[in-house]
Amino acid sequence: MTTNQYTSYPFSEFQGALQEVTSELPVPTGTEVLVRVNYCGVCHSDVHIHEGYYNLGQGKKLKFEDRGIHLPVTLGHEIVGEIVAAGENAQVAMTGPALIYPWVGCGSCSVCQRGEENLCGQPAVLGVHKPGGYSQYVMVPHPRYIVDIGNLEPAHASLLACSGLTTFSAIKKVGTVYDDEAVVVVGCGGLGLLAIRTLSLRGVKNIIALDLAEEKRQLALEVGANHVFDPTTDDALERIQAAANGKCVAVLDFVGAESTVELGINLPRRGGKVIVVGLHGGEIRYPIPYVTTRAISIIGSYTGSLPEQKELVEFAQQHDLFNFPIRTRPLKEAYSALQDLAQGKVQGRVVLDNR
Ligand SMILES: [Zn+2]
Ligand SMILES: [Zn+2]
């Protein structure tokens, strides 16, 4: 490999192996910025993208190839890296590791103008629609997506781009929680643990965590949950309601399966919210009069905005968010790291290391 070449790990068919590919290093033009990847988180959405679809229930699938995702795909949207080159119209002053906001939109539609680029109908997301951080280098379209991380630990900071941001944006949707109210967190993987930690730091007094796995429930207790339950037992609903004193104000569902949303929708008090983040899939049926009379909101939450990203980086500088296991693995182990995550073998989070 010459100095003008770099290695990336794309896949060229859905569910196929990630391959080691050597390419010519691109030269940034216009507002583009070339970033050398230091760290890149291996996120559960990478598993879904690699599978090629979301499960819509009843055998139906939402296929990514019909959604503007073209092969080959280089995954990786939780990137911390250093600027190495910039186009003639890119103003960059920053040095040292920085966080890359990956949820790039068109930048000009009304959704983007409102500051919600993550919800743009013409997305150009790094690691999804554009090459991401399972690579030694990544091209960022504009310096505004490069966020200073100050003195944050770079490997940990990478997690702020997706799991951190997704969790933060979902928690902001909860709104005010009074001391006698409870928030239920469904699923104690990376996002769930981060949510429990963040809720606890924000002063929520009664955090109830649900997970099938005993060891994940244990981790949930360690990071700040007040009660934990296995949601599949027959009396789960009653036990959760008892722990909440009937005052569950919001459910944050990081699984997003039929069974979890069905359970979650029954938990909030009147006026409460069910915030669905997980993408496990399926569909739900629920009586419409109950939606009205209980005045519940069922809210989808997808990643977060650039302003939220900056707010989160500040929050993370003031609080130690990452009190759960974070393991680094060499970049070249990207495929096995992805497979381990898909098979549920990862506790906490894995971050690829390309220093
Ligand atoms: Zn847009
Ligand atoms: Zn992600």
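Just so you know, ligand 1 is whichever comes first in the structure, and atom 1 is the first atom listed for that ligand.
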Next item on the list: Please find out if less than 6.0 Å separates the ring center of F168 from that of F315.
Entry: yes
Check: Vertex the Zn ion (ligand 2): angle to OG of S45 and SG of C43, to 10°?
Finding: 80°
Item checked: Rounded to 10 degrees, the angle SG of C109 makes with SG of C106 at the Zn ion (ligand 1) -> 110°
Note to self: Quick test of your reading of the model: are E258 and R285 salt-bridged, counting only N-O distances below 4.0 Å?
What the structure shows: no
Next item on the list: Have a look at V33 and tell me which of I100, V84, V138, I83 forms a side-chain contact (heavy atoms from CB on, under 4.5 Å) with it.
Entry: I83
Checklist line | Partner of S135 under side-chain contact (heavy atoms from CB on, under 4.5 Å), chosen from N354, I79, V21, T74 | finding: T74
Check: So which N/O/S atom does H77 have closest to the Zn ion (ligand 2)?
Finding: NE2
